[in-house]
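The structure appears right after this line, and notes come after that.
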Amino acid sequence: MSEQEQNINELIKIRREKLEELRTAGIDPFGQRFDRDTTAQAIQDNFNGLEGHTVKIAGRIMAKRRHGKAGFANLQDLSGNIQLYFRQDDLGEQKYDLFRKLDIGDILGITGEVFRTQKGEISIHVRDLVYLSKSLHPLPEKWHGLKDVELRYRQRYVDLIVNPEVKEVFIKRSRVIKEMRNYLDERGFLEVETPMMQPIAGGAVARPFITHHNALDMDLYLRIAPELYLKRLIVGGLEKVYEVNRSFRNEGISTRHNPEFTMMEVYQAYADYEVMMELTENMIATVVERVNGSMVVEIEGQSIDFTPPWQRISMLEAIEKYAGVNFAALKTDEEARAAACRLNMEVDDGATRGNLINEVFEEFVEQKLIQPTFVYGHPVEISPLAKRNTANPQFTDRFEVFIMQRELANAFSELNDPIDQKERFQKQVEKRAQGDGEAHMMDEDYINALEYGMPPAGGLGIGIDRLVMLITTSPSIRDVILFPTLRIKE
RNA sequence: GGGCCAUUAGCUCAGGUGGUAGAGCACCUGACUUUUAAUCAGGGUGUCGGAGGUUCGAAUCCUCCAUGGCUCACCA
């Protein structure tokens, strides 16, 4: 016997003994397939049609009230709850004894008649019960549920059993992704899958995880984004593609960051970032409306309205509005650094105008963006994969969506000039050589692809976890990821 | 990675200034054949996150460690 088994506590010991009693009585505590013909909620919803009829239902016992030779229990399945009524007169002593020994948490198959009690509770008058699974570990308390956030994340299965609202969050998450797929499928987009293990981690500015392939004796990176592979498909003529992608970034963990997270990336040939704006606001508004039944979401006392069209403001206009600096009038890096200094910001000697614009934006503007807002026109320095604006080549045809002070989406007209792209990679490689572990690596094959010719295209990435946080008003990303990344615990 | 906070029974939580651990739920025994936070009578089931230290004596004070939360940094 292992040390753990010796230390097993009294409650579990008692349940183990009950388990053996069942076996001694010839009952398999871990039963077989049970063909239900209805669910708890279906009975609640259709009582008039089912009253007096025999039903078969399965689920977990969540409460038990004994009254001598009769008693009640609450049975929970995915749909909801229903009360069970047990009577020794109807079941006989042997079967009634099963009810007497029942533990909260046990999973049963029930056969019985639908009726309503004197107090009006829709119930099942149990005629037969079979054990589908004996529960050996006591569940958390029925009133307060499971509060300990660490346990909720580590043992999500318990969280899901006892905290019904958690189930709702993850059902909604599933529906969000399904509705996004529907939206894109209806418009002729093709869902594709691209490598999660990549020899070069590209498509975003982030530190990757590294892994190793033994047979090839080769290091591989877990993808930080699928972007460069999806654009290879645009080169290949697939024209409209998307991928619901898990990506991985080896960076800090916070209420808004999990090392693995889910994005939706969409690419459309012959389109541009303005087409992507319309796609973004229409798709997200449609998804919110279908999942939540309204385009307005109440979060932290704020009323967020997803109804299109969303506000559009250029990055420079936004900075002028919220930081009072007109970068359009500042032509050199020196002038830009002086302006940033006047805002009491720390400024590196080598900081360029484009980098400073981004920093001022993050420092002064992001916190002001509550309602869904497109911020467009990012400096080329911070947008190594985006097409330059025709009128002003120091800026790109790019936008980000901000809601509740958070970036939710990022999109641009895709850079399809292989010579410009190679120069931009070159600049990133230099930053890398200077110790910037997040700068892009050179991707010669991607350049090769562009050299064959990529049509102008619009590309879009939406943070699914963050969108689900908004739709479910969850304060932490860990509340919308079933098994968030945690340290291993002894 | 930095700062602050938390960790006590299976779960939710109490335990001023140091005196040897408690409640509710759950569980066990008994009563009760339409209850629903069922009720009534009895029963406490614990390595007080871990390891050191101070002290006659530590859940309590000190140090280190572990895990988690918030936050800053980084990013989506």
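Note that the structure is predicted; figures quoted are calculated from it, not measured. Atoms considered below: every heavy atom in the structure, side chains included; atoms not considered: hydrogens, waters and symmetry mates.
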Do any N or O atoms of the protein come closer than 3.5 Å to N or O atoms of nucleotides 68-70 of chain B, and which pairs are they?
unit_1 : atom_1 : unit_2   : atom_2 : d
B:G68  : OP1    : A:Arg154 : NH2    : 3.4
B:G68  : OP1    : A:Arg487 : N      : 2.7
B:G68  : OP2    : A:Arg487 : NH1    : 3.3
B:G68  : O4'    : A:Glu150 : OE1    : 3.0
B:G69  : OP1    : A:Arg478 : NE     : 3.3
B:G69  : OP1    : A:Arg478 : NH1    : 3.1
B:C70  : OP2    : A:Arg478 : NH1    : 3.0

Show me the protein contacts with nucleotides 48-50 of chain B, counting only N or O atoms at under 3.5 Å.
none

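When the nucleotides B:A76, B:A26, B:U35 are ranked by their closest atom to the side chain of A:Ile104, B:A26 comes out on top. Here the nucleotide nearest the side chain of A:Asp89, chosen from B:U33, B:U36, B:A76, is B:U33. When distances run from any side-chain atom of A:Thr117 to the nucleotides B:G10, B:A76, B:U35, the shortest one goes to B:U35. Distances were taken from every side-chain heavy atom of A:Ile14 (C-beta onward) to each of B:U33, B:C74, B:C28; the shortest belongs to B:C28. Each of B:U36, B:A26, B:U33 was ranked by its minimum atom distance to the side chain of A:Arg87; first place goes to B:U33.
An OP1 or OP2 oxygen of B:C11 is reached within less than 4.0 angstrom by no side-chain nitrogen or oxygen of A:Lys147. Applying the 4.0 Å criterion to OP1 and OP2 of B:U35, one finds that A:Lys119 has a side-chain N or O inside that range. Contact check, A:Arg65 against B:U35: no side-chain N or O comes under 4.0 Å of OP1 or OP2. Distances shown here put every side-chain N or O of A:Lys142 at or beyond 4.0 Å from the OP1 or OP2 atom of B:C25. A close approach under 4.0 Å does not occur between any side-chain nitrogen or oxygen of A:Lys13 and OP1 or OP2 of B:U45.
When Watson-Crick and G-U wobble pairs are counted only if both distances are under 3.5 Å, B:A76 pairs with no nucleotide at all. Pairing for B:C13 goes to B:G22, judged as Watson-Crick or G-U wobble with the two contacts each under 3.5 Å.
To the nearest whole angstrom, the two C1' atoms, one in B:C5 and one in B:U47, are 25 Å apart. A distance of about 11 Å separates the C1' atoms of B:G22 and B:G46, rounded to the whole Å. Taking atom C1' on both B:C13 and B:A59, the two are 15 Å apart, rounded to the nearest angstrom. For the C1' atoms, the distance linking B:C25 with B:A38 amounts to 14 Å, nearest Å. For the C1' atoms, the distance linking B:G50 with B:U8 amounts to 14 Å, nearest Å. Rounded to the nearest Å, the gap between the P atom of B:U12 and that of B:U54 is 35 Å. Here, B:U29 and B:C11 have their P atoms 22 Å apart, quoted to the whole Å.
Looking at A:Glu121, its side chain comes within 3.5 Å of the base of B:U36 through a donor and an acceptor atom.
The aromatic ring of A:Phe72 does not sit over the base of B:A38, since the test of centres under 5.5 Å and planes under 30° is not met.
Using a 4.0 Å heavy-atom cutoff across all strands shown, A:Glu407 reaches sugar-phosphate atoms only and no base atom. Across all strands shown, A:Gly461 has no heavy atoms under 4.0 Å from either base or sugar-phosphate atoms.
One interatomic measurement links the two molecules: NE2 of A:His144 to P of B:A9, which rounds to 15 Å at whole-angstrom precision. Rounded to whole angstrom, the span from the CD1 atom of A:Ile124 across to the P atom of B:U34 amounts to 19 Å. Straight-line distance from the CG atom of A:Leu222 to the C1' atom of B:A76: 17 Å, rounded to whole Å.
The nearest pair of heavy atoms linking A:Ile57 to A:Ile82 is CD1-CG2, 4.0 Å.
Among the candidates A:Phe374, A:Tyr322, A:Phe361, the single residue satisfying the ring-ring contact (aromatic ring centres under 6.0 Å, His included) test with A:Phe402 is A:Phe361.
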